[in-house]
Amino acid sequence: SLSIIVLIRKVYGSYFEINKTREQLDLLFDTAPDAMLCVRADGHIVKANQRATILLGYSLSELLGMTVEQLVPVASRDQHKNLRSNYVESPEYRPMGTGLDLLALTKAGEMPNVEISLSHSGEGEEALTTIAVRDVSASKKAQQDLLEANDKAYQASVAKSRLLVRRDNQDERVASI
C-alpha cells in the first residue's frame, strides 16, 4: 500500500507539472505580440489570442469555429482553400504569400494589410496549423507616402531644371542683343 501512495504522488506531481507547463504555453500564446490562430486541417479555428480579436474585430467565441477562409477577402477564398489544402499535405514553417500584398477581412469589412507566418504541429486528427498575423497597414501606408513624396520631389526637381534651362536660354538671348 505504501508503493501505491508513492505512485499516486508521482502521478499527481506529473499531472501538476503538465498543467503548469500547459498554463505557461497558453500564457505565451495569449501574450504573443501578433494575432495568433490555431486551425485544424479542415480550416476551422480552434484557438485564438486577444491580439486576433483586436485585429479582426471578432470576439473569441465568434472566432472559435469559424473557418480561416471567413477572414480572407471574398475574391481570394477559393484560392486560399486550395492553398490551405496544399499546405496541410506538405506542412512547414514559412511566411505566407511572400512578395504579395496580403489582406485580412475584419468583422467590420475592413481589409488591413497583413504579414502571415505558418507553422504546423501534430499528426492526423491532431494536426494544427498555427498562424501568426501581423498588421502591417501602418508601414505599408508609410511606404506609400514615402514613394509619393519621392515622386513629388522628383517632379519638382525636373520642373526646377526646366526653369533654369529656360532662364539660361533667356540670359543668352539677352546677352547676344
Common cluster, [X]/[Y], ILVMFWY with side-chain heavy-atom separation under 4.5 Å:
{"X": "L56", "Y": "M36", "answer": "no"}
{"X": "L105", "Y": "I116", "answer": "no"}
{"X": "L100", "Y": "L71", "answer": "yes"}
{"X": "L60", "Y": "L128", "answer": "no"}

Taking the side chain as everything from C-beta on, heavy atoms only, tell me whether [X] gets closer than 4.5 Å to [Y].
{"X": "N113", "Y": "L102", "result": "no"}
{"X": "T106", "Y": "L55", "result": "no"}
{"X": "D26", "Y": "E23", "result": "no"}
{"X": "V39", "Y": "H44", "result": "no"}
{"X": "K107", "Y": "E62", "result": "yes"}
{"X": "Q24", "Y": "L27", "result": "no"}
{"X": "L37", "Y": "T130", "result": "no"}

Return yes if some donor-acceptor pair links the side-chain N/O of [X] with the main-chain N/O of [Y] below 3.5 Å, else return no.
{"X": "N86", "Y": "P91", "result": "no"}
{"X": "R77", "Y": "V72", "result": "yes"}
{"X": "R84", "Y": "A41", "result": "yes"}
{"X": "D135", "Y": "V114", "result": "no"}

Which atoms form the tightest heavy-atom contact between [X] and [Y], and what is the distance?
{"X": "A48", "Y": "F29", "value": "C-CE2, 3.6 Å"}
{"X": "S59", "Y": "T53", "value": "C-CG2, 4.0 Å"}
{"X": "A32", "Y": "R51", "value": "O-CG, 3.5 Å"}

Roughly how far, to the nearest 0.5 Å, is CD of E126 from OG of S121? 9.5 Å

Going from CG on L83 to NE2 on H80, what distance comes out if it is rounded to the nearest 0.5 angstrom?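 Reported value, rounded in 0.5 Å steps: 7.0 Å.
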
My understanding is that only residues two or more places apart in sequence, or in another chain, count here; which of them pass side-chain contact (heavy atoms from CB on, under 4.5 Å) with Q70?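 Partners of Q70 by the side-chain contact (heavy atoms from CB on, under 4.5 Å) criterion, ordered by chain and then number, come out as M66, T67.
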
Can you sort out the partners of T129 under side-chain contact (heavy atoms from CB on, under 4.5 Å), two or more places apart, ordered by chain and number? Y87, L118, H120, I131

Would you check if there is a donor-acceptor pair between the side chains of Q79 and S76 at a distance under 3.5 Å? no

Are the charged groups of D42 and K81 less than 4.0 angstrom apart, N to O?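 So D42 does not pair with K81 through a salt bridge.
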
More than 12 non-hydrogen atoms from neighbouring residues, nucleotides or ligands closer than 6.0 Å to CG on D30, yes or no? yes

